[in-house]
Amino acid sequence: MPELPEIEVVKRSLFKMINKVKIVDIKIMNSNLRYKIPNNFSKNLINEPILRISRRSKYLIFYLKKKVLLIHLGMSGKLFLLRIRDNKVFKTSFYYETNITKRHNHVYFKLSNGFLLIYNDVRRFGFFKLYNNNAINKIPFLKKLGLEPFSKLFDTKYFKKFVLNKKKNIKNLLMDQTFVSGLGNIYVNEALFISKINPLRKCCDLSKTEMKNLICNIKKILKSSISKGGSSIKDFQSTAGQKGNFQQFFRVYGRENKNCSRISCKYKIKKIRISNRSSFFCPNCQI
DNA sequence: AGGCATGTTACAGG
DNA sequence: ACCTGTAACATGCC
């Protein structure tokens, strides 16, 4: 589920609820996530107030008094809040899926404000890592990341320099987190569609205008998605018990054999595989 | 039953 | 060094 916009939305909704709150207890139901949660995990976190929550790429970072907690949600990780008093679930807005099941609740953080922060992850590709907060600049996961898409430095100059003598296609370039960090398969497909660029084009062959347009569209799409509460999901339910509104904002992702969403175009969306990931594009609009 | 799924990493081979 | 493809991780859905 989570690409940059979804993580950003989670960050914002969590921050509102748990800023300055202390972790009073932790219950680990299953420590076998992508990396095993170590035995001293709870001991290092209990009684620590959460001072700040930030996001870098698809990572969430909890700044505690002495420690830094790095969280990645993998493909299916979810964080949500449960008010203990009445068992009311507070979504981290964008995704309270209808099919959350208790057996995939792997970690419970009991908070000093009467909430439980619950980590649920069907596939267990997500992870938690704990660091001393003086070592934050040495976190390997973060060190190798490229620019944030919203960075002012993410411009045509940077683009040109990065792709010089590179032979990979533009789809794979955008998926490359050392180039720009936070895009995933869905938003890459969308950005290329909006920018009318064929995913197989060699990245160094893009004109300056195309680069500029693509960069601009990436920023736009991500911002628009954040403002909608994150959209890389299939279904969600807005309030407990109600059936989910089905929202699809995608112009091209998942639309194989459907009409191109540009009204003037009569072609059908094609699906191909690029580096083992599905890619959708319009053979007419995306050149 | 088999293929596919929003992410990342490791490895083999060109 | 760069690039691509494949597999792995675990589970559910069609």
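A, B, ... follow the sequence lines: proteins, then strands. Residue 1 opens every chain. For clarity, every value in this text was computed on a predicted model and none was experimentally measured.
Neither OP1 nor OP2 of dA10(C) sits under 4.0 Å from any side-chain N or O of His104(A). Close to dG7(B), at under 4.0 Å from its OP1 or OP2, lies a side-chain N or O of Arg277(A). Distances shown here put every side-chain N or O of Lys144(A) at or beyond 4.0 Å from the OP1 or OP2 atom of dT8(B). When the side-chain nitrogen and oxygen atoms of Lys58(A) are compared with OP1 and OP2 of dT8(B), one or more of them lie within a distance under 4.0 Å.
Comparing dT9(B), dG7(B), dG12(C) by their closest approach to the side chain of Glu3(A) singles out dG7(B). When distances run from any side-chain atom of Lys271(A) to the nucleotides dT4(C), dC4(B), dT8(B), the shortest one goes to dC4(B). For Asn185(A), taking side-chain heavy atoms from C-beta onward, the closest of the listed nucleotides dT11(C), dT9(B), dG7(B) is dG7(B). Of the listed nucleotides (dC4(B), dG7(B), dC3(C)), dC3(C) has the atom at the smallest distance from the side chain of Lys168(A). Checking dG7(B), dT4(C), dC3(C) against every side-chain atom of His72(A), the shortest atom distance belongs to dG7(B). Across dA5(B), dG7(B), dG5(C), the shortest atom-to-atom separation from the side chain of Ser275(A) is found for dG5(C). The listed nucleotides are dG7(B), dT6(C), dA10(C); the one nearest the side chain of Asn276(A) is dT6(C). Distances were taken from every side-chain heavy atom of Arg124(A) (C-beta onward) to each of dA5(B), dT11(C), dT9(B); the shortest belongs to dT11(C). In this structure, the nucleotide among dT11(C), dG7(B), dC4(B) sitting nearest to the side chain of Val122(A) is dT11(C).
At whole-Å resolution of the value, CD1 in Ile37(A) and C1' in dC9(C) are 16 Å apart. Separating the NZ atom of Lys129(A) from the C1' atom of dT8(B) is a distance of 13 Å, rounded to the nearest angstrom. One atom, CG of Leu4(A), and another, P of dT8(B), lie 11 Å apart when rounded to the nearest Å. One can place CG of Asn32(A) at 8 Å from P of dA10(C), the figure rounded to the nearest angstrom. Taking atom CG of Leu200(A) as the reference point, atom P of dC3(C) lies 15 Å away to the nearest angstrom. When the P atom of dG7(B) is taken as reference, atom CD of Gln177(A) falls 8 Å away, rounded to whole Å. The separation between Arg34(A) atom CZ and dT11(C) atom P is 16 Å, rounded to whole Å. Atom CZ in Phe162(A) sits roughly 13 Å away from atom C1' in dA1(C) (whole-Å rounding).
By the 5.5 Å and 30° criteria, Phe125(A) is stacked with the base of dC9(C).
Look at the P atom in both dT6(C) and dG3(B): the space between them is 14 Å, to the nearest Å. Here, dT8(B) and dA1(C) have their P atoms 23 Å apart, quoted to the whole Å.
Note on Arg273(A): only backbone sugar-phosphate atoms sit closer than 4.0 angstrom, heavy atoms only; bases stay farther off. Residue-level contact check: Asn189(A) touches neither bases nor backbone, having no heavy atom under 4.0 Å from any strand. When heavy atoms are screened at a 4.0 angstrom cut-off, Asn172(A) is found touching the sugar-phosphate backbone but no base atom.
Under the Watson-Crick or G-U wobble criterion, with both distances below 3.5 Å, dG13(B) is paired with dC3(C).
The number of heavy-atom neighbours closer than 6.0 Å to NZ of Lys22(A), taken from other residues, nucleotides and ligands shown, is 12 or below.
Exactly one residue among Lys58(A), Lys223(A), Arg55(A) makes a side chain to side chain donor-acceptor pair (under 3.5 Å) with Glu8(A). That residue is Arg55(A).
Salt-bridge annotation for Glu190(A) and Arg251(A): absent, with no side-chain N of the basic residue lying under 4.0 Å from a carboxylate O of the acidic one.
With hydrogens and angles left out, the side-chain atoms of Lys67(A) and Asn132(A) include a donor and acceptor closer than 3.5 Å.
No cation-pi contact links Arg262(A) to Tyr267(A), judged by a cut-off of 6.0 Å to the six-membered ring centre and 45° from its axis. Figure legend: Arg52(A) and Tyr63(A) shown as a cation-pi pair, the cationic atom lying under 6.0 angstrom from the six-membered ring centre and within 45 degrees of its axis.
Ring geometry for Phe162(A) versus Phe179(A): interplanar angle of 30 to 60°, hence tilted.
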